[in-house]
Asker: 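There's a structure below that I have some questions on.
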Amino acid sequence: MSTATDPKEPTPMSTALAPNTDPVDAPRVTTYVKAFNEAVAQTMREDDDVFVIGEDVAAYGGVFHMYDGLLAEFGKRRMVDTPIAEMGLIGLGVGAAARGLRPIVDIMFMDFLAVALDQVVNQAAKMKFMYGGDVKVPMVITVAYGAGVSAGAQHSQSLESWLAHTPGLKVVMPSNAYDAKGLLVSAVRDDNPVVFMLNKVLLGARGEVPEESYSIPLGQAAVPREGDDVTIVAFGRMVTEALAAADALAESGVSVEVVDPRTVQPLDTATIVRSASKTNRILVVHEAVTFGGIGAEVAAQIQEEAFDYLDAPVLRLGAPFTPVPFSTPLENAYVPDADRIVAGVRRLLERN
């Protein structure tokens with residue numbers, strides 16, 4: 001299973017690619033953040049209309065090094081540093097996209113979208129509809145989200161349910177390096193505004209990622225682990241925790257299926273319902289606060305589409321209804337983890 005490391009560290013050579021091995025047959029391993037960076041570079045090479053704007057994205061590669069090295073290849077015309085002005089950034093992106101370009105607008109921390117929510121919700125999301133489809137807004141808004149790095153209440157939120165509630169927006173949450181690359185390629189090529197959520201804790205997580213460009217369709221869930229007794233539907237970083245929980249539960253004979261929706265909007269309800277019909281018990285996990293979270297929508301759709309298959313009520317697991325703590329021990333208690341997921345599964349199995 002992938003583990004998080006410092007995204008600033010150079011990627012060590014995979015043992016699979018060490019000397020005296022055949023690189024053709026060996027999978028390439030890289031980090032989540034470098035897979036994202038590679039996807040940005042490849043989309044910029046294939047389409048001159050793609051460019052990046054944001055605070056420190058050019059000179060410093062972004063606060064999380066998501067854009068390292070791109071200024072040297074693409075120059076200041078396509079890697080554009082800006083003042084601290086989130087509303088202006090999104091507005092620039094909307095205008096550029098409406099005129100036929102494909103901007104990638106970086107908003108450092110997801111929390112800062114609140115400063116520009118009018119541009120995101122009332123302009124980017126609605127412009128195509130206001131002009132009867134004659135105007136497209138093919139832009140990607142990249143944000144770093146989530147707790148786990150002691151960044152405090154104003155830099156650690158997971159606000160996907162805010163955005164998924166807005167018709168016209170697409171919301172993407174990759175849980176691993178492979179998906180970070182493939183989903184970004186699809187997001188850039190999409191003719192609609194896409195909010196692309198990168199989890200801060202996962203930036204250094206390593207996984208197998210092909211060097212060539214590839215795409216993963218938006219709205220298509222993955223099933224990284226199949227099982228028979230219970231389904232865990234997990235979003236973003238919680239997929240890693242769900243897989244760890246599934247390993248622990250397997251030791252006591254509990255077979256867990258893990259579903260990773262990969263995108264919050266559009267949501268692949270069909271895959272979730274299929275799994276619910278198979279295992280009959282569902283736990284939905286996200287690191288956003290439980291109240292009003294995406295877990296409530298998943299639970300509602302399951303009870304509408306697969307109620308007759310359920311042997312227990314759908315259980316939700318998320319954060320408590322409080323701002324994200326700065327203190328590391330409190331932050332660790334705030335975010336769901338593998339142990340709490342195991343406990344949730346056991347509660348489900350006790351229900352008749």
Side-chain angles (χ1 to χ4, degrees), residues 52-55 57 82-146 153-174 183-184 186-199 218-219 235-236 261-267 269 286-298 300-301 318-319 321 323-324:
V52 178
I53 56 174
E55 299 159 18
V57 294
T82 68
I84 301 174
E86 285 80 11
M87 183 173 286
L89 283 175
I90 302 294
L92 191 158
V94 171
R99 294 297 294 170
L101 300 178
R102 292 186 177 271
I104 298 173
V105 183
D106 184 73
I107 304 290
M108 284 193 182
F109 295 90
M110 186 173 202
D111 316 67
F112 299 168
L113 279 182
V115 180
L117 208 57
D118 178 67
Q119 290 286 359
V120 176
V121 171
N122 287 327
Q123 304 304 326
K126 294 181 173 61
M127 186 168 286
K128 181 175 73 173
F129 301 94
M130 297 296 289
Y131 286 91
D134 290 338
V135 175
K136 298 176 182 177
V137 187
M139 67 183 293
V140 177
I141 302 170
T142 57
V143 296
Y145 81 95
Q154 296 171 330
H155 298 76
S156 303
Q157 296 172 91
S158 184
L159 301 172
E160 64 275 2
S161 60
W162 274 18
L163 303 165
H165 188 68
T166 303
L169 291 180
K170 296 186 178 183
V171 184
V172 178
M173 292 181 72
L183 290 169
L184 192 277
S186 291
V188 172
R189 293 174 179 171
D190 201 287
D191 285 335
N192 300 283
V194 179
V195 180
F196 199 91
M197 299 173 58
L198 294 150
N199 186 271
L218 305 187
F235 290 85
R262 300 198 284 202
T263 61
V264 182
Q265 183 61 258
L267 182 67
T269 303
H286 51 72
E287 70 170 281
V289 295
T290 305
F291 186 90
I294 190 62
E297 178 62 29
V298 173
Q301 293 202 23
F321 195 68
V324 182

Asker: Count the heavy atoms belonging to other residues, nucleotides or ligands that lie under 6.0 Å from NZ of Lys136, then report whether that count exceeds 12.
Answerer: no
Asker: Side chain to side chain contact (heavy atoms under 4.5 Å, CB included) between His286 and Val264: does it pass, once the steps are laid out?
Answerer: CA-CA 11 Å; His286 51 72; Val264 182; over 6 Å; no
Asker: I'd like to know if the side chain of Ser158 pairs up with that of Glu287 as donor and acceptor (distance under 3.5 Å, no hydrogens or angles considered).
Answerer: no
Asker: Should the pair Arg102-Asp190 be classified as a salt bridge under the 4.0 Å nitrogen-to-oxygen rule?
Answerer: no
Asker: Run Glu160 and Gln265 through side chain to side chain contact (heavy atoms under 4.5 Å, CB included) and show every step you take.
Answerer: CA-CA 9 Å; Glu160 64 275 2; Gln265 183 61 258; over 6 Å; no
Asker: Other residues, nucleotides and ligands only: do more than 12 of their heavy atoms fall within 6.0 Å of CZ on Phe291?
Answerer: no
Asker: Could you give the distance from CZ (Phe196) to CG (Leu183), rounded to the nearest 0.5 Å?
Answerer: 5.5 Å
Asker: Taking the side chain as everything from C-beta on, heavy atoms only, tell me whether Arg262 gets closer than 4.5 Å to Leu218.
Answerer: no
Asker: Does Lys126 reach the main-chain N or O of Val121 with its side chain, forming a donor-acceptor pair under 3.5 Å?
Answerer: yes
Asker: Is any side-chain heavy atom of Leu198 closer than 4.5 Å to one of Tyr145?
Answerer: no
Asker: Name the residue from Thr263, Leu159, Val171, Ile141 that meets the side-chain contact (heavy atoms from CB on, under 4.5 Å) definition with Met197.
Answerer: Val171
Asker: Do the side chains of Trp162 and Leu117 get nearer than 4.5 Å, heavy atoms only?
Answerer: yes
Asker: Do Leu113 and Leu163 come within less than 4.5 Å of each other through their side chains, counting heavy atoms only?
Answerer: yes
Asker: So with a 6.0 Å cut-off around CE of Met130, is the heavy-atom count from everything else above 12?
Answerer: no
Asker: To the nearest 0.5 Å, what is the distance between CD (Gln119) and CD (Glu86)?
Answerer: 12.0 Å
Asker: Please check if any side-chain donor atom of Asp111 sits under 3.5 Å from a side-chain acceptor atom of Gln154, or the reverse.
Answerer: no
Asker: Which is it for Ile90 and Ile107 under the side chain to side chain contact (heavy atoms under 4.5 Å, CB included) test, yes or no, and what are the steps along the way?
Answerer: CA-CA 9 Å; Ile90 302 294; Ile107 304 290; 3.8 Å; yes
